[in-house]
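So the structure is just underneath, and the comments pick up after that.
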Amino acid sequence: MRALGPIAAILFFFPVAALAETFEYDEYLGEEINRTCAGCHGPNGQGGGGGGYPRLAGMSAKYISGQLRKFKSRERENIPMLPFSNDRELPEEDLVQIAEFLSRIRLQTFLPVQNPNNLMDGYERLKQAKQVLKIPREPGDTEAGRDLYREDCALCHGKTGYGKKKAPLLAGQYIVYLRVQIQRFLAGERTHEDPDELFRERSPEDWQNLWAYVSILDD
Ligand code: HEC
Ligand code: HEC
């Protein structure tokens, strides 16, 4: 950057800074845009389709918006989302709103016990149930998986698995979805740091143990 000189540096950083400053979160707009997403990702961004549609709730806004931009530029191919991730359907102003909206959703891992003196009606209870996502436990040696995770993944995906900076949460995500993404990284359809070292050189047993551990991170 120093080689560019101060003026080039200002020009280079200005657009990003300007966008961050003018962005004003509008929850109602977020909710409205989310109706489009809900058909696949669920009304609370809890995902579904047995993991064909990933959980989005509670991911960082930065990660969500980053992936949406990659879908738009087709740097990351996502055919089911093509009709929803273009400039007409999802302009940049909407993109930042929906990313913020989804990042703020806090899912539960169990349905709260009802207060026997103040029972909820069926509709309220159903609403509550839609905010619950508990990843089913995968078979495997969770202790061996924990060692692998801590050694090779925790640095970026966080010790608790809920993500850090640009690296998304793995905890609370569908294992089916995560496995597919590893295949995409290995096939060069998505980019990830060091795919050969991190992903290719691992036995099926190591993977099974790793996913077993990741699947209990949300317990
Ligand atoms: C027709 C179904 C469908 C709709 C509607 C849809 N998505 Fe998706 N979305 C998918 C699928 C399928 C994937 C996973 C693609 C893959 O396997 O790589 C995905 C992936 C994503 C991801 C990447 C998640 C990750 O962990 O990397 C984000 C972010 C996302 N969708 C946001 C949205 C938003 C925001 C909307 C609404 C504007 C939306 N999607 C609407 C089907 C849909
Ligand atoms: C050097 C940092 C780093 C390390 C180490 C790392 N990751 Fe990642 N990972 C990332 C980043 C950054 C992304 C987001 C990539 C993108 O923008 O598409 C990611 C994305 C992923 C995804 C896609 C998740 C989704 O929601 O689509 C999976 C799965 C994943 N990593 C698994 C792992 C596993 C398993 C390990 C350990 C064996 C690991 N990663 C180690 C940084 C890292």
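Start at 1 and go down the list; that is how both ligands and their atoms are numbered. The first residue in the sequence is number 1, and the count goes up from there. Just so it is clear, the structure is predicted and the values come from calculations on it, not from any experiment.
The shortest side-chain heavy-atom distance between I175 and V214 falls under the 4.5 Å cut-off. Looking at Q108 and Q46, their side chains never come closer than 4.5 Å, going by heavy atoms from C-beta outward. The shortest distance between side-chain heavy atoms of L217 and L170 does not fall below 4.5 Å. By the 4.5 Å heavy-atom criterion applied to side chains, L68 and M81 are counted as neighbours. Under the 4.5 Å side-chain criterion, counting only non-hydrogen atoms from C-beta, E77 is not in contact with E189. The closest side-chain heavy-atom distance from Y177 to Y53 is not below 4.5 Å.
Between I216 and T142 the shortest heavy-atom distance is CD1-CG2, 3.7 Å. The minimum heavy-atom distance linking L210 with C153 is given by the pair CD1-SG, 4.3 Å. When every heavy atom of P112 is checked against every heavy atom of Q128, the shortest pair comes out as CG-NE2, 3.8 Å. A pairwise comparison of heavy atoms in P83 and I79 identifies CD-O, 3.9 Å as the closest pair. The nearest pair of heavy atoms linking F199 to L186 is CB-CD2, 3.8 Å. Taking both residues in full, the closest heavy atoms of S103 and S60 are given as CB-C, 4.1 Å, listed atom of the first, atom of the second, then distance.
Atom 5 (C) of ligand 2 has as its closest protein heavy atom D152 O, 3.2 Å. The closest protein non-hydrogen atom to atom 15 (C) of ligand 2 is T191 O, 3.9 Å. The protein heavy atom nearest to atom 22 (C) of ligand 1 is F71 CE1, 3.5 Å. Atom 17 (O) of ligand 1 has as its closest protein heavy atom R184 NH2, 2.9 Å. Summary of contacts: the protein heavy atom closest to atom 24 (C) of ligand 2 is P168 CG, 3.7 Å.
Interface atoms of ligand 1 facing G52, defined by a heavy-atom separation under 4.0 Å, are 12 (C). Counting atoms of ligand 1 from 1 in the listed order, those under 4.0 Å from a heavy atom of I98 are 35 (C). Residue C40 approaches ligand 1 through these ligand atoms, each under 4.0 Å from one of its heavy atoms: 1 (C), 2 (C), 3 (C), 4 (C), 5 (C), 43 (C). Counting the atoms of ligand 1 from 1 in the order shown, those under 4.0 Å from a heavy atom of Y177 are 14 (C), 17 (O), 24 (C), 25 (C), 26 (O), 27 (O). Against a heavy-atom cut-off of under 4.0 Å, T36 is close to the following atoms of ligand 1: 5 (C). Atom numbering of ligand 2 starts at 1 in the shown order; those under 4.0 Å from a heavy atom of R190 are 16 (C), 18 (O), 23 (C), 25 (C), 27 (O). Atom numbering of ligand 2 starts at 1 in the shown order; those under 4.0 Å from a heavy atom of K166 are 12 (C), 14 (C). Against a heavy-atom cut-off of under 4.0 Å, R202 is close to the following atoms of ligand 2: 38 (C). Close approach of ligand 2 to C156 (heavy-atom distance below 4.0 Å) involves ligand atoms 1 (C), 2 (C), 3 (C), 4 (C), 5 (C), 42 (C), 43 (C). Ligand-side atoms of ligand 1 in range of R76: 16 (C), 18 (O), 23 (C), 25 (C), 27 (O), range being under 4.0 angstrom from any heavy atom.
Ligand 2 has at least one atom lying under 4.0 Å from a heavy atom of F185. Distances shorter than 4.0 angstrom occur between a heavy atom of L210 and an atom of ligand 2. For P54, the closest heavy-atom approach to ligand 2 does not fall below 4.0 Å. Under a 4.0 Å heavy-atom criterion, L178 is in contact with ligand 2. Judged by the shortest distance from any of its heavy atoms, K70 lies inside the 4.0 Å radius around the atoms of ligand 2.
H41 contributes atom NE2 as its closest N/O/S atom to atom 8 (Fe) of ligand 1.
Only the side chain of M59 comes within 4.0 Å of ligand 1, judged by heavy-atom distances. Residue-level proximity to ligand 1 for P80 is carried by backbone and side chain together, each with a heavy atom below 4.0 angstrom. Residue contacts with ligand 2, taken as heavy atom pairs separated by less than 4.0 Å, involve A167 via backbone and side-chain atoms alike. Only the side chain of L56 comes within 4.0 Å of ligand 1, counting heavy atoms alone; its backbone N, CA, C and O stay farther away. Residue contacts with ligand 2 for V214 are absent, since no atom lies close enough (heavy atoms, distance under 4.0 Å). When heavy-atom distances to ligand 2 are checked against a 4.0 Å cut-off, Y63 comes that close only through its side chain, counted from C-beta outward.
At a 3.5 angstrom cut-off on N or O pairs, Y53 does not count as close to ligand 1. Residue-to-ligand polar distances place Q67 within reach of ligand 2: an N/O pair is separated by less than 3.5 Å. For R55, no nitrogen or oxygen atom sits less than 3.5 Å from a nitrogen or oxygen atom of ligand 1, counting backbone and side chain alike. The shortest N or O to N or O distance between Q181 and ligand 1 is below 3.5 Å. In terms of polar-atom proximity, defined here as any N/O pair under 3.5 Å, Q173 makes no such contact with ligand 2.
A tilted orientation is assigned to the rings of Y149 and Y213, their planes being inclined by 30° to 60°. The aromatic rings of H157 and H192 sit parallel to each other, their planes meeting at less than 30°, with 60° as the upper class boundary.
Contact check on D206 versus R202 returns no salt bridge, with no Lys/Arg side-chain nitrogen under 4.0 Å from an Asp/Glu carboxylate oxygen. In this structure, R35 does not pair ionically with E32, as no charged nitrogen and carboxylate oxygen lie closer than 4.0 Å. Comment: E92 engages R69 in a salt bridge, judged by a side-chain N to carboxylate O separation of less than 4.0 angstrom. In this structure, E138 pairs ionically with R179, as a charged nitrogen and a carboxylate oxygen lie closer than 4.0 Å.
At least one N/O/S atom of M81, whether from backbone or side chain, sits less than 2.8 Å from atom 8 (Fe) of ligand 1. Among the atoms of C37, no N, O or S atom is found under 2.8 Å from atom 8 (Fe) of ligand 1.
Rounding to the nearest 10°, we obtain 170° for the angle at atom 8 (Fe) of ligand 2 between H157 NE2 and H192 NE2.
Remark: the backbone N or O of K130 is paired with a side-chain donor or acceptor of N44 at under 3.5 angstrom.
Across the listed options C153, G66, G161, C153 owns the non-hydrogen atom lying nearest to atom 37 (C) of ligand 2. The option from N78, L82, L102 that lies nearest to atom 11 (C) of ligand 1, judged by heavy atoms, is N78.
Screening Q183, K70, Q181, E75 for a side chain to side chain contact (heavy atoms under 4.5 Å, CB included) involving R190 leaves a single residue, Q181.
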